[in-house]
Structures are given as C-alpha cells and as structure tokens.
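Read the structure below first, then the notes.
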4 protein chains.
Amino acid sequence: MSSLSRELVFLILQFLDEEKFKESVHKLEQESGFFFNTKYFEEKALAGEWDEVEKYLSGFTKVDDNRYSMKIFFEIRKQKYLEALDRNDRAKAVEILAKDLKVFATFNEELYKEITQLLTLENFRENEQLSKYGDTKSARTIMHTELKKLIEANPLFREKLAFPSFKASRLRTLINQSLNWQHQLCKNPRPNPDIKTLFLDHSCSASNGARALTPV
Amino acid sequence: MSSLSRELVFLILQFLDEEKFKESVHKLEQESGFFFNTKYFEEKALAGEWDEVEKYLSGFTKVDDNRYSMKIFFEIRKQKYLEALDRNDRAKAVEILAKDLKVFATFNEELYKEITQLLTLENFRENEQLSKYGDTKSARTIMHTELKKLIEANPLFREKLAFPSFKASRLRTLINQSLNWQHQLCKNPRPNPDIKTLFLDHSCSASNGARALTPV
Amino acid sequence: MSSLSRELVFLILQFLDEEKFKESVHKLEQESGFFFNTKYFEEKALAGEWDEVEKYLSGFTKVDDNRYSMKIFFEIRKQKYLEALDRNDRAKAVEILAKDLKVFATFNEELYKEITQLLTLENFRENEQLSKYGDTKSARTIMHTELKKLIEANPLFREKLAFPSFKASRLRTLINQSLNWQHQLCKNPRPNPDIKTLFLDHSCSASNGARALTPV
Amino acid sequence: MSSLSRELVFLILQFLDEEKFKESVHKLEQESGFFFNTKYFEEKALAGEWDEVEKYLSGFTKVDDNRYSMKIFFEIRKQKYLEALDRNDRAKAVEILAKDLKVFATFNEELYKEITQLLTLENFRENEQLSKYGDTKSARTIMHTELKKLIEANPLFREKLAFPSFKASRLRTLINQSLNWQHQLCKNPRPNPDIKTLFLDHSCSASNGARALTPV
Ligand SMILES: [Zn+2]
Ligand SMILES: [Zn+2]
Ligand SMILES: [Zn+2]
Ligand SMILES: [Zn+2]
C-alpha cells in the first residue's frame, strides 16, 4: 500500500471516530494493522474479552513472530486459563490447555507440564509461584502492565502506537476541496453552486437548482 | 447526518471493500445502518453464526420495531433453539428459551408454551408441525428464505438493500481532485509537484523535492 | 413365601440390625418388601438422596399401583425437579422433566405443561402456587410430611409400617435351641459338649475335644 | 465376632441367595467382609460400575492397606479416568484426577504427572505406553485380569475367596431343629403339633389348633 493510501486509512479512522462508529474504528485498526490502539486494547484486556483481545492483536502479530509476541500471547492465555480454574470451570480449563496453551509446549515443555499440573490442585494458589495471585481484577491489571511493556518493546508495534497528528475532520476538508476543484472546472460557474452528490462530478450546467455549495 | 455525509460513508464502504478490509466493511454497514448487505447476512445465517446475525441486524432494527422485525428475530431464535435441541444440548436450549425467546411470550403465550413443551420430547420432530424439519443445513436454508421475504417486506429496510451505483475507487478520485485543488492554489506551481502527505495541504514553495504528483 | 419363612426374614433383619450391618438391613427390607422402615425413608428423603429414596420405595410399590403411589412418586420427582431449578442446573431439570416426570403427563397433561413452564422463569417462585416455597431444607420437610400421609393411607403399605414385636437376638436363641436338639440326639452325650461349627450337625462321638457348649 | 456368629452370617448369605435377595447378599458380603464374591466383582468391574466396585472393595480393604490394595485401586481409577478421556468428558477426567487419583501422587509423583499430561492429548493413545489401549470393553477385561491377580496375591483376601461348603438350606434345617427342641419340651406333646410362629417358643398346651408341624 502506498504511503498516501496508508494516510487515507488514517483519515478514515479519524472520520469513523468523529462519527462515533466505534467498532468500525477498531475493526479497521485491526484489519489495516496501521495503528494499535493501546487504550482500546487495555479496555478489552481488563474486561477479560479474550476472543476480542486475541483477534485485535492478530492484526499486528502472530504468536511465533518473535519472543515478545510469544510472551504476549502466553500471558493472555495463561490468565484465561487461571480464571477458568478460579471459577472451577475445569472443562474449559482443559480446553484452553489443549487448544490455546499447547503451542507453547514445544518451546518450554517443563513450563507447560507445570501449568497442566495446576488442574489437580484445589486452588492453584497452592503453587508457590502463584501464591500471590489475588482476585481476577487485580490479576488482569498486573497482566496488562506486563503486556504493555512487551508491546512497547516489540519491534512489530514500533511506530504503530501513536496516532499521527493532523487537524480535525481532515477527510471532510479534502472532500470539500475536491468539490471546489469540480466547480472550478465548470464552464459557466454559478456563484452559489448546487452540490447534490459525491457520487458524480458536479457541473453547473447539469444542475437545474441553485443552492449554495454545502460542505460535507 | 447530512445527505453528503451519508454518501461519504458509501464512498468509504467502497474503499474498504476494494482494499479487502472485509470485516470493517460489514461493521460500518451495521453501525451506520445505511446498507444492509443481503449476501453477507445470508452467509452468516446459513453458517448459523447467530450472535453475528443478530448483531448485524441490530444496526437496522430492534425486535419490537414492527411485526416484520419481530418475526425476523423469532425465526432466528427458534432456529437456534431447535438446533440446540437437535444436538441434545438441553441446557443451552433452556437458556435460549429463557433469554432469547421469552420476549415473544408476551405477544403469543400459547406459542411460547408450545415451544417450551418441545424440551420434553425425545425428538422435537414428534411435534406434528415440526415433523418435516430435516437436517440443520436444509432447515437453515428454509429459514433464510423466510427471513429474506420478511426483510424485503419490512419498511425499515426499504432502500437499504441496494448499494448505490457509482464508479470504482470514487473516494480516491475525490482525494486526487482535492490535491489538484491544493496545487492549483500554489503561487509558484511547479510542473511536477511533489505530494508527500494528505495530512497537510500541499504547497509548491514548501516542497523541497520535485516528484511528480502521485495519485493516492 | 410361607408365613414362617416370612418370619425368618424378620429374625434376620433383627440380627443384621444388632450386628450393625446397616445397609444390609435396608437392602433386605427393600428386597423382601416385608417392612417399610419409615425412619430410614425419612432420613433419605430429608437428605435428598433421590435415587435411594426411589429404589427403596420400589421394593413396595410401583408408580402406577394406585393413586397414592402415583402421588408419592410425583411429589418426590417434583421436589427433585424444583431443586435442580433452584441450583440453576437447567440441564438436569430438563432431564428430570423428560425422564422422571413424563409418566405423569398422561394422567394430567395440564399439570405437566405448567411444570415444564417453570423452566422459563428466572425463579420458579414467580409461579403463584410456588411463591411460598422456602429453602431446600424446609421444602423437603414439607414434602416428607406429605409423603408420610400418603404412605399411611396407601393400602400397599398396610401392616408393613410396624416391625413385629419379639425378644432381642431371637435368631441366636433359635440357633442355640437347634444345637441343644443336636446334642440331645447324641448316643453318649458328654456333660460339656463341644460345638465347633454350625455347618454340620454336632455329635458327641465325633468330637474329640471337650469344651462347653458355647452359645452363638 | 465369635466363630459361630461368623458362621451364622454364612448361613444367612446362603439363605438370602436361595431366596433371590441378590443385592442383600452382596451388601452383607461387603458389610461383614467375610466373603469376597469374585463373580459379582467381575460383573461390576466389566460393567464399569465404578462406585459399586469401590464400595464393595471397601468392605475388605482400604487403598493404603498394602501395595496390592494400592495397585488395585490405582488400576480401577486409572481405567475410570481413561474412559472419561475417551468419551471426551474432560471435566469428569479432571475431577477423577483431583479426587480419586490424587492419593497416588504422594507415592509416585512422576506417574501422577504423566497421567495428568494425558489430558492435553487429543487421544491418550498418542502416549506410547497406552498406544495399544483398544476399546472400553477389551480394556476392562485386561484390567479385570490384572485385578484378579492382585486380589489373589493380597493377604487381606486370603480365605475370603471361597464360600465354605455346607448343605443347602442349612439355616432352615437349624430352625426346624429348634422347633423340634421346643416341642420336645412340651409337657403334653401332641402328635401333630401346631407351629404358628418363630417369634415365640412353641408350647402344645398354649396351642388351641392341631395342625401338623410345618417346616420353615
Ligand atoms: Zn459548478
Ligand atoms: Zn503546488
Ligand atoms: Zn452331643
Ligand atoms: Zn409341643
């Protein structure tokens, strides 16, 4: 994608945000992979919306891209696993182990086995390293702090953490400029040209009304 | 939203689609409520992705907007319920009954009771009216045909079922026109102006390079 | 079974009870169907051990023997059903409805439908007739009081509710009498005959020791 | 319990068996701990009725009595665990691991960990040592053969595996002898004494009828 096309995506992101199309904003952030919204990510991580957390991340990195990415996914899935254990949903915990955490077994078999062993404890806090795990809320906050560091250190997120700076409603400004351009080409320009649509180029002669040029 | 702003959303939808930002497209269709993508809806309905089916619909109507909308949601939730029964997941079936279908009890108590009674049958096809229910695939197809009719008859979907017609890459065309407009304002226009960004207005004097005007 | 054989079962029941073979006692009460232990039944009913409650009852009556029996089983299964609903185990509740309560649909379809409808309530106490249902403990006590009345009125339990009266350790007494009889037949009876086994008849000549006749 | 009391239990076992009070027989075998019915045990083990299998065993030994007993319980619970895994009931499998198999972790931690790890496999047959595990039926048969050997070698079961030999209906024979003894004590014995009950000692003078002495 050319540099200007890339910028156009940012203009659209701004427009969608100004129009309060919130989910569209984040979906486009993810699908373009141009801007990682740390605030949105924090919100979803603290809410424990693991599917959305992973889906959003997937727009920027895969689990095996580098060791930061691997650690990011590991921390998220471990938290998901511990929460399943904590609410006594062992069926879900085993599923997470077999589906989500399995990938890490290749890299650290001992760790994977130790995590599996937690299943057999009445309370995983019996494990020494987890003895200070508090409630879900505090654990998620700690996990998020860790994720933040990993994301900031991860080269794949470099220059994607800050939204570029430009004036409000920039896309609308450009659209208005394009309308000016269209009118300027009119052979017999009227003083208050009527712009009825963006779908077709304006032309004063084609217009039968006489409304003022309304900005978008 | 003004008519031109509305059109701008359509230009963005076209752009997102051309750039293959598929989920962003459907999220924006939903959040704007300007265009109901029947093909996407069919795809999700036939795949039984009920959460997405209802979420997408929610951009256009609520269950109690009119009798068409009510019937649309009822058909979807009934199908979801029958599928839960069919795979013997009675816990899920009761949940659907108590959460999703409950709203219809107010309007048709007898129907709601009859549906509830299906829970106690070994196979809901023992119920005469459901005796011809085939497998999941064929049942979804039949349901979708019904939904299609209801959506076409529903005034809330009027003029939202066809995407307006305009040339390809219309948004890019307008952006290029805006760049032309910017250059045309230059006091000392160069023959091959250099456009480096969309974020700021171009000006030949400010530019130190001399590249050709590259379209977006 | 002859009247004396029947009495022998009672002697065995007394023996098992005196020897603290508790489960054997109740299993024999059930399998013989000679004595319905109201105290044991109350204990199991108040503990909500529904499988054992029904199994024990099955030694004395079947659900369709008469209207008292039918009401007994209905009250038990209804309680089991309400408890499943109360602990939010809807999967279990539907199972009880489809397996245990289904039999009553033939006799009282309206009642069965009404009971099924409870599934769709957030709390079954929203149903007027169940609005006074308290906690599990009090509900079981009320149910048991009802069961007690039904059992006492049920002709199938007549004369099975009181254990016949006879002296302690009656079976041992009779066994000792049989040993006396065996010794009395000895041609050369010794003063302190040695009884080594119950498996074979005693005979003083066969005995080489000379121990006192030890009672069982 | 005296040796003769012990024999009385065997007489009762024979009586219950002859009268077809099957469950009472096995309950008394278990509660007395005098006779381990290998045929009944096999039947329950092959049927996978694990609760009854363990309950029956509990009449004879506890898990930590000796290494044979430990192995017996381990084999049973391992089979129960593998069957839960095999039918994809992971919630149940973890429960068995945490409740039933946990006790063995103290004695063989490595083994326990290895067994836990099976949870994370798609199919436990991927584990080399379990690669030859066939279907449930054949696995139970193999397990039972192993259990048989362990029980036969276990000193706690010594002399409990064979039922003592004595004539049919021995308890009835003894009861009849006791009746003979009672009648023989009558001051004015009638030729055809009437025996109406076992609950009280007979006496010809007290009797107003004149029926023949009926055996039990
Ligand atoms: Zn014009
Ligand atoms: Zn210029
Ligand atoms: Zn003698
Ligand atoms: Zn007599």
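Below, read A as the first sequence line, B as the second, and so on, with proteins coming before strands; counting in each chain starts at 1.
- Looking only at heavy-atom pairs under 4.5 Å with chain A, the residue among B:Lys22, B:Lys20, B:Glu7 that has the most is B:Glu7.
- Ranked by heavy-atom pairs under 4.5 Å with chain B, the first of A:Val25, A:Leu198, A:Leu11, A:Leu174 is A:Leu198.
- Listed for the B:Ser24 side chain is a donor-acceptor partner under 3.5 Å among the backbone atoms of A:Leu28.
- Heavy atoms of other residues, nucleotides or ligands lying less than 6.0 angstrom from CG of A:Asp135 number more than 12.
- Put simply, of B:Gln30, B:Glu29, B:Lys27, the one with the most heavy-atom pairs under 4.5 Å next to chain A is B:Lys27.
- Summarising the geometry, atom CD1 belonging to A:Ile175 is positioned 10.0 Å from atom CG belonging to B:Leu4; distances are rounded to the nearest 0.5 Å.
- For A:Leu185, no part sits under 4.5 Å from any heavy atom of chain B, backbone or side chain.
- Using a 4.5 Å cut-off between heavy atoms, A:Ser32 touches chain B through backbone and side chain atoms alike.
- There is no side-chain donor-acceptor pair under 3.5 Å between B:Asn180 and A:Gln177.
- Applying the side chain to side chain donor-acceptor pair (under 3.5 Å) test to A:Lys71 and every residue at least two apart in sequence or in another chain returns A:Glu75.
- Counting heavy atoms of neighbouring residues, nucleotides and ligands inside a 6.0 Å radius, atom CZ of B:Arg67 does not exceed 12 of them.
- Residue with the most contacts toward chain A among B:Gln184, B:Glu23, B:Gln14: B:Glu23 (heavy-atom pairs, distance under 4.5 Å).
- In this structure, chain B has heavy atoms under 4.5 Å from both the backbone and the side chain of A:Leu8.
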**Item:** From CA spacing to verdict: side-chain contact (heavy atoms from CB on, under 4.5 Å), B:Val9, A:Phe21
**Value:** CA-CA 11 Å; B:Val9 170; A:Phe21 296 141; 4.1 Å; yes
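- When heavy atoms are compared at a cutoff of 4.5 Å, A:Glu19 approaches chain B solely by way of its side chain, counted from C-beta outward.
- Using a 4.5 Å cut-off between non-hydrogen atoms, the part of residues 138-171 of chain B that approaches chain A consists of B:Pro164, B:Phe166, B:Arg170, B:Leu171.
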(request) Applying side-chain contact (heavy atoms from CB on, under 4.5 Å), run through B:Ser5 and A:Arg172 and close with a yes or a no. (result) CA-CA 9 Å; B:Ser5 286; A:Arg172 289 177 181 280; 2.9 Å; yes
